[in-house]
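Okay, structure first, notes after.
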Amino acid sequence: MATREEEMTTQDQTDEEVVEQEVDYNANPIVSYKDVHKSFGDVHVLKGINLDIYPSEKIAIIGPSGSGKTTIIRMLMTLEEPSEGDIIVDGENLWKMEKGNGEMVRASDKHLHGIRDDIGMVFQHFNLFPHKTILNNCVMPLTSVRKMPKNEAIELSKEMLSRVGLGDKLDMYPSSLSGGQKQRVAMARALVMKPKIMLFDEVTSALDPELVGEVLEVIRDLARTEEMAMVMVTHEMDFALEIADRVLFLDGGKIAESGSASEVIEHSENPRLQDFLKRFRAD
Amino acid sequence: MFESVPDIIRYVIQGFGVTTSIFLAAAAFSYVMAFVAGLCRLSNITIIRGITAVYVEFFRGTSLIVQLFWLQYAIPMLLGINIASAWWIGVIAIGLNYGAYLSEVVRTSVISVDKGQTEASIALNMTRFQRMRLVILPQALRLMLPEFGNYSIQILKGTSLVSLIGVTDILYFGDVYRSSNLSEGAMVYFILLIIYFIIALPLIYLSKKGEKIAKKGAAT
Amino acid sequence: MSKDFLTLGEVGWLENFINEYTPIDLTYWSNETFMEALPIVAQGIQITLLLTVTTFALSLVLGFFWLLLESTPFRFVNLIFYWIREFIRSTPPLIQIFFVYYGLPMLQFVDISFTPFMAGLIALGVHFSTYIAEVYRSGIESVPKGQTEASIALNMTKFDKWTKIILPQAIPPTIPMLGNYLIILFKEVPLAATIGVLGILQLARNFGSQNWSYLEPLTIAALLFLVMSYPTALLIRWLEDKIKRNNPSLKKARERVEV
């Protein structure tokens, strides 16, 4: 495998060759945030998020730490409940449901379970199941959640694990893998579920610098070939700009800037964004 | 003083079956109670949590010997059965007592499984039940092992109390033997202690082994 | 049905509920017996507490001796005392009480007999000292190795090292653990009732045999234990949380010795 530097330079040169999948912005969005607020105790983290995510769109969320980037996607994954506002997934309200009399009440576990199927997530700290082999990390959700026959699940999982370059480590346990390998398993585990939208929560932040490249390479491959929408919370600025259809800059609990990579990065007048980018570029 | 040893052993061993059967039944019962109560305390239904908390704190707050005597009189009332055998009362009392202690072990082990595990299984859209069964419990079990080993030894020690409510275990036969051979008292009780220790040895071994397994622990 | 149970008007529904919907039979319960037994059983608090405190003091001292006996320069000796301690620790204290009370005075070369109180004190004191030794050990192990190395680097005497460096750090974290054992001991002390120590339990049983109603006095006994041990347990849990928060490495040590 090429080193990270090499990959980056080739990538710079071949930017134009990346097959851009056209995002149809006239289609119905698969996810809509409608004036979503979130507070943790007294801390008002998100102050009115409005965001539409379109099928197969690749979105990168950037912003200073503590700005609530992760919270945005955690609410969509149903790990965090919004304090106010609605999140609509495929036309259905995620966190609220209609009671018999038309009144909207807090979603039940069952309601969440019904909608969550379309969403997958990769975590900063991998969260692999330590008591299962790598293969079974992928197989178990397929057989238990999707009720897929065991041999079919094994086939699919093997295929996906080879795709992320771990086809030869099927029977190992997560504890014997490097961070980069763990994160690739975590991606395979999320991918076998075939979500319509995939969330990436700072997936390279917990990795040693030399292991970042192999993980980004997998995401790059997915972005190029997969139909699914992707939302990435990331600190890998160059990478985000390279593959994102749209970049969101989150500041002060709101989406301060939104647009194509070049719009946001090169032409934004927002001084906070300039400041933020300057600090990153300096690294 | 040693010539009576074979006699004593032959006499007290009559209670061996009862001692081991009470131990096994009480241990099994307390393990079941431990999981039922431990998981109930993690329920999101307030009333279930409340009822289990009362059970756990009551049995942890009073002593086994008091509970044993109390249940001897209370069980007929509580269950509407007039003749509950002493064997059953012993099993129920010991099981409820150590079930309460062990439920805390279950609860704390489940809580100490990394939160990311729950989040990952939510992200894979597992149901609450699947999360618990497939992800959390298998990891929590490992953490519980040494404490279950320790408490099993405590349960074994606790079974000696059943002779006080008339169960014919080895202590019961020991007491009978001593009452007609007063000068043999020390030897009788020493032999009983040895028998208990022999039963405890595999448990000691298992709890040491469990400690090692738990130490390997659940890594991310 | 007995009208004695909770005759207060406003809780009459409770009695109805119990009669209607549970198999609980209240025929044998009497509030009068309960009130009659209460002051009598409560007299046992004094003896129970006295036996608890003296036994605890004894086990604190003996616990220290186990440590010494298991850290002699002779591995074989250490091993023997380790297994003796393991033996005492994993066999029933009730039989140990009988051994001391009924057994020891019968040996030809022992020319003493014990009062029930003394027998309970010795048997339970020795039994608990085996746990206390473990607490001490975990306290000492919780002091980082670097502390010993530092005191060597400062050329301290062995005595100074222990009294000025190791022990002052080893003792505070053991306090909640010792507190836990105090509560556990308090709940084991009624075992001494079996040889006639007139604590809470024995007074309850005596009342029962004199009046042919055991349920009320035994309920009182249970409640007395609960009322005394529960608040203490809460206090210790609070203390434990506080210390654990300051020193997370102790968690492991604590788990290992918890009964």
Side-chain angles (χ1 to χ4, degrees), chain B residues 1 57-58 60-67 69-74 76-82 101 105 108 143 146-147 150-151 153-154 156-161 163-164 170-171 174-175 178 182-190 192-197 199-201 203-204 211 214-215, chain C residues 22-29 86-108 110 183-184 186-191 193-194 200-201 204-205 208 213-216 218-219 221-230 233 252 255-259:
Chain B
M1 66 183 281
E57 298 301 350
F58 175 79
R60 269 160 44 109
T62 55
S63 73
L64 176 59
I65 187 172
V66 176
Q67 289 155 19
F69 286 134
W70 185 75
L71 284 170
Q72 190 182 12
Y73 298 97
M77 250 178 76
L78 292 170
L79 303 180
I81 317 163
N82 278 322
Y101 282 99
V105 174
T108 48
L143 302 171
E147 286 295 310
N150 280 340
Y151 274 106
I153 299 171
Q154 300 295 329
L156 176 66
K157 284 156 68 176
T159 57
S160 67
L161 298 182
S163 66
L164 301 174
I170 57 173
L171 178 54
D175 279 333
R178 185 194 61 89
L182 287 178
S183 61
E184 306 284 355
M187 189 49 83
V188 170
Y189 292 121
F190 187 66
L192 290 178
L193 290 173
I194 297 276
I195 295 175
Y196 266 102
F197 188 58
I199 308 176
L201 277 175
L203 300 174
I204 295 171
E211 227 162 84
K215 223 172 249 165
Chain C
T22 72
I24 298 174
D25 182 352
L26 297 170
T27 320
Y28 306 108
W29 180 269
E86 191 76 59
F87 176 78
I88 296 173
R89 194 163 76 131
S90 43
T91 53
L94 178 66
I95 302 181
Q96 291 166 6
I97 290 174
F98 288 173
F99 177 80
V100 172
Y101 186 66
Y102 296 117
L104 284 186
M106 291 301 168
L107 293 174
Q108 279 137 5
V110 183
I183 299 177
I184 293 168
F186 173 65
K187 288 178 281 179
E188 296 278 288
V189 155
L191 289 177
T194 56
I200 295 168
L201 178 60
R205 290 172 80 206
S213 52
Y214 283 94
L215 193 64
E216 297 85 354
L218 286 171
T219 305
L223 291 177
L224 285 179
F225 277 100
L226 191 64
V227 164
M228 289 193 271
S229 74
Y230 188 55
K252 271 248 144 56
E255 277 166 358
R256 201 171 59 235
V257 296
E258 203 172 15
V259 179

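Excluded from the calculations below are hydrogen atoms, water molecules and symmetry mates; all remaining heavy atoms, backbone and side chain alike, are included. What you see is a predicted model, and the numbers here were worked out from it, not measured in a lab. Lettering of chains follows the sequences in order, A, B, ..., and the numbering in each one begins at 1.
Atom CG of residue C:Leu107 and atom CE of residue B:Met187 lie 8.5 Å apart, to the nearest 0.5 angstrom. To the nearest 0.5 Å, atoms CZ (C:Arg205) and CG (B:Leu164) are separated by 6.5 Å. For the atom pair C:Leu223 CG and B:Trp70 CH2, the distance stands at 8.5 Å (nearest 0.5 Å). Annotation: the span from B:Tyr189 atom OH to C:Leu104 atom CG amounts to 12.0 Å, rounded to 0.5 Å. Here the CD1 atom belonging to B:Ile65 is positioned 5.5 Å from the OG1 atom belonging to C:Thr194, to the nearest 0.5 angstrom. C:Phe99 CZ to B:Phe190 CZ: the interatomic distance, rounded to the nearest 0.5 Å, is 7.0 Å.
Of all non-hydrogen atoms in C:Leu94 and B:Ser160, the two that sit nearest each other are CD2-O, 3.6 Å. Between C:Phe87 and B:Phe197, the shortest heavy-atom contact is CD1-CG, 3.3 Å. Shortest non-hydrogen contact noted between C:Ser90 and B:Ile204 is OG-CD1, 3.5 Å. Contact record, C:Arg89 with B:Lys157: O-NZ, 2.8 Å, taken as the closest heavy-atom pair. Residues C:Tyr230 and B:Glu57 approach most closely at CE1-OE1, 3.2 Å, considering heavy atoms.
The closest side-chain heavy-atom distance from B:Leu171 to C:Phe98 is below 4.5 Å.
When the candidates B:Ala200, B:Gly185, B:Ala186, B:Pro146 are compared by the number of heavy-atom contacts under 4.5 Å with chain C, B:Ala186 comes out ahead. The choice from C:Val227, C:Leu191, C:Val189, C:Ile88 that makes the most heavy-atom pairs within less than 4.5 Å of chain B is C:Leu191. Between chain C and the options B:Leu156, B:Leu182, B:Val188, the largest number of non-hydrogen pairs under 4.5 Å is found for B:Leu182. If you tally non-hydrogen atom pairs under 4.5 Å between each of B:Ile199, B:Ile194, B:Leu203 and chain C, the highest count goes to B:Ile194.
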(request) Show the numbers, then the answer: is there a side-chain contact (heavy atoms from CB on, under 4.5 Å) between B:Thr62 and C:Lys187? (result) CA-CA 6 Å; B:Thr62 55; C:Lys187 288 178 281 179; 5.9 Å; no
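With sequence neighbours excluded, the residues forming a side-chain contact (heavy atoms from CB on, under 4.5 Å) with C:Phe186 are C:Thr48, C:Leu49, C:Thr52, C:Phe225, C:Met228, C:Ser229, listed by chain and number. Take C:Ala204 and apply the side-chain contact (heavy atoms from CB on, under 4.5 Å) test, not counting sequence neighbours, and it matches C:Val41, C:Pro217, C:Leu218, C:Ala221.
Neither the backbone nor the side chain of C:Ala233 comes within contact range of chain B; no heavy atoms are under 4.5 Å apart. For chain C, the nearby parts of B:Leu161 are the backbone and the side chain; heavy atoms of each come within less than 4.5 Å. Both the backbone and the side chain of B:Leu193 come within less than 4.5 Å of a heavy atom in chain C. For C:Leu226, the parts lying under 4.5 angstrom from a heavy atom of chain B are both the backbone and the side chain.
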